[in-house]
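Worksheet: the structure to be examined is printed underneath.
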Amino acid sequence: MITVTGLVEKKDIGMGVWALVSEDGQTYELLSCPKDLRQAGLKVTVSGAIDDQVMTAAAIGPVLAISSFEKLS
């Protein structure tokens, strides 16, 4: 389990991919991104696990399976 703080981004790859760019610059692809999290520029803290069994067409970074998240101001 990891916890990451950063900004949500929508990447224009295929139909669109939701990503989290951490404060240290690491990009994570958000697996099954919840609707409440789908807002580009939103600052959040996300907890979850890296799912290395999933391969995606986007290939923008590790795939993060979200357990919980908190919107920050």
Quick one: side chain to side chain contact (heavy atoms under 4.5 Å, CB included) partners of Q26, sequence neighbours excluded?
-> S22, D24, Y28, P62
Separation between CH2 (W18) and CG (L31), nearest 0.5 Å, reads 15.5 Å
Using the side chain to side chain contact (heavy atoms under 4.5 Å, CB included) rule, take L64 and I50 through it: C-alpha gap first, then chi angles, then the decisive distance, then the call.
-> CA-CA 5 Å; L64 181 56; I50 300 299; 4.2 Å; yes
The residue among P34, C33, S47 that forms side chain to side chain contact (heavy atoms under 4.5 Å, CB included) with F69 is P34
Would you say L42 and L30 are hydrophobically clustered, going by side-chain heavy atoms of ILVMFWY under 4.5 Å?
-> yes
ILVMFWY cluster, I2 and L37 together (side-chain gap under 4.5 Å) = yes
Minimal non-hydrogen separation, A59 against E29, with atom names | N-OE1, 4.0 Å
Does the side chain of V8 reach to within under 4.5 Å of the side chain of Q39, using non-hydrogen atoms?
-> no
Any link between V63 and V17 through a network of hydrophobic side chains (Ile, Leu, Val, Met, Phe, Trp, Tyr) touching at under 4.5 Å?
-> no
Looking only at heavy atoms, the pair that brings A19 and I60 closest together is CB-CD1, 3.6 Å
If you look only at pairs with a residue in residues 38-63, which of them pass as a salt bridge (Lys or Arg N to Asp or Glu O under 4.0 Å), with sequence neighbours excluded?
-> E23-K43
Heavy-atom check, side chain of T3 versus side chain of V46, under 4.5 Å | no
Go through the side-chain N and O atoms of E70 and T45 and say whether any donor and acceptor fall under 3.5 Å apart.
-> no
Please round to the nearest 0.5 Å and tell me the distance separating atom CG of D12 and atom NZ of K10.
-> 7.0 Å
According to a 4.5 Å side-chain heavy-atom criterion applied to Ile, Leu, Val, Met, Phe, Trp and Tyr, with indirect links allowed, do L20 and L7 form part of one hydrophobic cluster?
-> no
